[in-house]
Amino acid sequence: DDDNAAAADDDDSTKQDKIQPNHVTYGLFLKCCGTLLPQGNAKRDAVIENVFRKCCREGLMSDFVLESFRRAASDDLCVKILGGDVED
């Protein structure tokens, strides 16, 4: 029945609207960037920086995210974002 199918679609879209990223989502995404995007590419650092900043804005920073960022980002980006020694 078409009415039931439409109602089921509405239920699915409501569930999808409630899905939110957490610190694990951001950490894993940063790990993927570090693994899959070519090193030395300006776009790589731009993506990593944007993802890291968004994670911070959303209040989802964790040790896992920070470690993932440090491994994925170039040394220059780490200094730019974190300041100081990148080997902390």
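Quantities reported herein were computed from a predicted structural model and do not represent experimental measurements.
Here the closest heavy-atom approach between residue Leu60 and residue His23 is recorded as O-CB, 3.1 Å. Among all heavy-atom pairs drawn from Pro38 and Asn41, the shortest one is O-CB, 3.3 Å.
Side-chain contact check for Glu58 versus Pro21: some heavy-atom pair is nearer than 4.5 Å. Residues Phe69 and Lys31 have side chains not in contact (no heavy-atom distance under 4.5 Å, counting atoms from C-beta outward). Within the 4.5 Å cutoff, the side chain of Leu28 has heavy atoms near those of the Phe64 side chain. The closest side-chain heavy-atom distance from Asp45 to Lys80 is not below 4.5 Å.
Atom-to-atom distance recorded for Ile48:CD1 and Cys32:SG is 11.0 Å, nearest 0.5 angstrom. For the atom pair Cys55 SG and Leu30 CG, the distance stands at 7.5 Å (nearest 0.5 Å). We find the CZ-CG distance between Arg44 and Leu36 to be 9.5 Å, quoted to the nearest 0.5 Å. How far CZ of Phe52 is from CZ of Arg57: 11.5 Å, rounded to the nearest 0.5 Å. Considering SG of Cys78 and CZ of Arg71, their distance stands at 11.5 Å, rounded to 0.5 Å.
Taking hydrophobic clusters as Ile, Leu, Val, Met, Phe, Trp and Tyr residues chained together by side-chain heavy-atom distances below 4.5 Å, Tyr26 shares a cluster with Met61. Under the 4.5 Å side-chain heavy-atom criterion for grouping Ile, Leu, Val, Met, Phe, Trp and Tyr, Leu37 is connected to Val65 within one hydrophobic cluster. Residue Leu82 is grouped with residue Val47 when hydrophobic side chains (ILVMFWY) are merged at heavy-atom distances under 4.5 angstrom, including chains of intermediate members.
Heavy-atom contacts from other residues, nucleotides or ligands closer than 6.0 Å to CG of Asp63 number 12 or fewer.
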